[in-house]
Amino acid sequence: MLKVWLSGASALALFAGIACYLAPLQPNILALQLAFSPRALAEVVHAWSAEELLRYRAHLPYACLLLASMLAVSPAPTFVAACALRRMIFPTPLQRV
């Protein structure tokens, strides 16, 4: 049971830290996550300055830690998180529009 609480606390702390770190991005990170086409993704990324793009890229190792902390408790309900972690570790190139 302690493992569940520690994993939950670490996931919550990582999530809060990532949310605070990415809060200054305009358009925000939610716009990037809801970009369902390569064109929409490119519009969001190209709207960011070089500093904002660097900020986004710098958060990715912590996002991997967040997914790993969610997988630590029970891998079955977090299958989607495992797939996302795999895509972060082994990314595929974006398709051109």
Side-chain angles (χ1 to χ4, degrees):
M1 188 66 175
L2 179 64
K3 183 179 176 182
V4 173
W5 282 102
L6 289 176
S7 177
S10 66
L12 181 62
L14 282 166
F15 178 76
I18 290 170
C20 290
Y21 185 70
L22 295 178
L25 294 180
Q26 288 301 322
N28 62 18
I29 196 70
L30 188 59
L32 181 73
Q33 291 176 341
L34 295 177
F36 294 116
S37 70
R39 183 180 307 256
L41 178 74
E43 287 174 3
V44 172
V45 172
H46 291 299
W48 289 341
S49 67
E51 275 183 4
E52 290 173 322
L53 191 57
L54 184 62
R55 179 178 286 266
Y56 171 75
R57 288 180 179 162
H59 102 281
L60 293 176
Y62 300 101
C64 286
L65 286 174
L66 176 62
L67 290 172
S69 71
M70 290 189 299
L71 289 171
V73 176
S74 174
T78 54
F79 177 73
V80 174
C83 293
L85 182 61
R86 183 191 172 281
R87 287 203 43 120
M88 291 177 84
I89 294 172
F90 305 108
T92 56
L94 289 176
Q95 295 177 355
R96 295 189 66 127
V97 178

Residue list, side chain to side chain contact (heavy atoms under 4.5 Å, CB included) with A35, at least two apart or on another chain: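 Testing A35 for side chain to side chain contact (heavy atoms under 4.5 Å, CB included), a comparison that skips the adjacent residues, returns A40, L41.
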Separation of L65 CG from H59 NE2 (nearest 0.5 Å):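 Between atom NE2 of H59 and atom CG of L65 there are 11.0 Å.
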Side-chain touch R39/E43, heavy atoms, less than 4.5 angstrom: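 Yes - at least one pair of side-chain heavy atoms lies under 4.5 Å apart.
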Side-chain heavy-atom pair Y56, L32 within 4.5 angstrom cut-off: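 Yes - at least one pair of side-chain heavy atoms lies under 4.5 Å apart.
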Exercise: identify the closest heavy-atom pair between Q26 and E52: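 Reported closest heavy-atom pair: N-OE2, 3.6 Å.
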Without placing hydrogens or testing angles, list every side-chain donor-acceptor pair under 3.5 Å for residues 8-25, not counting sequence neighbours.
{"residue": "S10", "atom": "OG", "partner": "L6", "partner atom": "O", "Å": "3.2"}
{"residue": "S10", "atom": "OG", "partner": "S7", "partner atom": "O", "Å": "2.9"}

Linked hydrophobic residues, F36 as query - side chain contacts closer than 4.5 Å: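 Besides F36, the cluster holds L30, L34.
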